[in-house]
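Everything on this sheet refers to the single structure shown next.
Whatever order the structure lists ligands and atoms in, that order sets their numbers, starting from 1. Index from 1, following the sequence.
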Amino acid sequence: MTFARAFAPATVANIGVGFDILGLAVQGTGDRVEVEFRDEPGARILSIEGDGGRLPREADKNTASVAAQAVLDTIGAQRGVGIRLYKDLPINSGLGSSAASAVAAAVAVNALFGSPLKKEALLPACMEGEACVSGYHADNVGPSLLGGITLITGTDVSQIYHMPVPEALYLALVTPAVDVPTAQARAVLPKSISLRDMVAQTGGVARLVDALYRGDIAAMGMAMEADCVVEPARAHLMPYLMEVRTAAKRAGACGLVISGAGPTLCAVCESDAIALACSVAMKAVYDDRDIASRVQQTQVDRTGARVQLYE
Ligand code: HSE
């Protein structure tokens, strides 16, 4: 095998109340990475398409090459790899763009070397890549790598918990054309919170996990909006958050939260038809204010990253 290619899906991190510990993978959109052997050691970026020239090409600054290097180190590779990154996800959009690149690169490199590591064992390498742009948290890389809805409380396989995915869970996502760098969205967060907020937040996470186990999307919608720490601190970075939430709920959504660090907003719905109506209603809020936006109706991707092709 001389080439390997992998795809890693977009993600909705936090799912509202589960800051840095909960996330879900999104069907239909993601990043792709192709890797090939090089005689020189180490991971190198050969090309990036779809980023408008915005992403770093230096190997130690790009999430894909950092994750690829971490896999090479883990398996003790003697040969290096060249990376071609195809970005389908918008940067700084809250859809886990940097994580998807890291995950696709880690999966592709592992495949190129004959898959010496199990998928779960790639998590630390993926986190290494993600950390170079947005810190050590796995709520994007976890679901992008493993699919489904994941609760991740650490970097070890034993700290990954797969949540049930309700059959009738449909998502409506809207991404306004506004840049919200993750570092900026993390800088506005409080350094400490009150005991009262801690109780409310942990209660919200518990209710969300319970709702997922019962497949109760209405309860899921209410629980995920119980975030009393992160959303209040970030709301000013998300244009017309409250207006979009109101529009989505009028169209039938059970709840709406900021996707990851934003500005994408994610509404949860009980049918495809409701998700479509929500998308239209959410987009109209931005259209009325001359803000360009993209919408998609989708479901949870249960598979996560996959090897696409090798020869
Ligand atoms: N949990 C992260 C955050 C996701 O909200 O900052 C974005 O990397």
Side-chain angles (χ1 to χ4, degrees), residues 8-26 29-31 54-55 61-64 66-67 87 89-104 106 123-146 149-155 159-161 163 171 173 175-176 178-193 197 201-202 204-205 208-209 224-238 241 255-266 304-305:
T11 44
V12 172
N14 302 333
I15 318 182
V17 74
F19 178 69
D20 275 4
I21 56 170
L22 279 168
L24 60 82
V26 171
T29 175
D31 283 354
R54 294 175 65 192
L55 291 177
K61 294 196 177 72
N62 188 289
T63 66
V66 171
K87 295 287 308 171
L89 296 178
I91 299 162
N92 294 336
S93 64
L95 287 169
S97 165
S98 55
S101 298
V103 169
L123 186 70
C126 298
M127 286 185 72
E128 201 70 41
E130 171 79 321
C132 77
V133 293
S134 59
Y136 270 98
H137 48 87
D139 52 345
N140 287 117
V141 293
S144 184
L145 179 66
L146 303 170
I149 304 176
T150 54
L151 167 67
I152 303 208
T153 58
T155 60
Q159 294 162 310
I160 302 170
Y161 303 85
M163 300 287 111
L171 309 172
L173 301 169
T175 306
V178 177
D179 234 27
V180 179
T182 301
Q184 184 190 349
R186 291 181 84 82
V188 300
L189 299 178
K191 299 286 175 280
S192 59
I193 62 169
D197 282 350
Q201 197 80 3
T202 51
V205 173
L208 178 51
V209 170
M224 67 186 201
E225 287 188 3
D227 171 19
C228 61
V229 175
V230 178
E231 183 182 303
R234 286 179 170 171
H236 68 284
L237 299 173
M238 316 297 154
L241 167 62
L256 175 139
V257 289
I258 300 167
S259 174
T264 293
L265 305 177
C266 173

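Checked by distance only, ligand 1 and Asp20 come closer than 3.5 Å through their nitrogen or oxygen atoms.
Atom CD of residue Glu231 and atom CG of residue Leu237 lie 11.5 Å apart, to the nearest 0.5 angstrom.
Looking at Leu208, Ile15, Leu22 one by one, the single match for side chain to side chain contact (heavy atoms under 4.5 Å, CB included) with Leu151 turns out to be Leu22.
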>> The test is side-chain hydrogen bond (donor to acceptor under 3.5 Å, both in side chains); show your working for Tyr136 and Glu130 and say whether it passes.
In response: CA-CA 7 Å; Tyr136 270 98; Glu130 171 79 321; over 6 Å; no
> Given the rule in the salt bridge (Lys or Arg N to Asp or Glu O under 4.0 Å) test, do Arg54 and Asp179 qualify, once you have shown the distances and angles that lead to the verdict?
Replying inline: CA-CA 12 Å; Arg54 294 175 65 192; Asp179 234 27; 2.8 Å; yes
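Ser144 places a side-chain N or O within donor-acceptor distance of the main-chain N or O of Pro9, the cut-off being under 3.5 Å.
Of all the heavy atoms of Asn14, the ones lying under 4.0 Å from any atom of ligand 1 belong exclusively to the side chain.
In the vicinity of Thr182, heavy-atom distances shorter than 4.0 Å reach the ligand 1 atoms 7 (C), 8 (O). Interface of Arg186 with ligand 1, defined as ligand atoms under 4.0 Å from a residue heavy atom, comprises 1 (N), 2 (C), 3 (C), 6 (O).
Among protein heavy atoms, the minimum distance from atom 7 (C) of ligand 1 is reached at Asn140 OD1, 3.6 Å. Scanning the protein for heavy atoms near atom 8 (O) of ligand 1, the closest one is His137 CE1, 2.9 Å.
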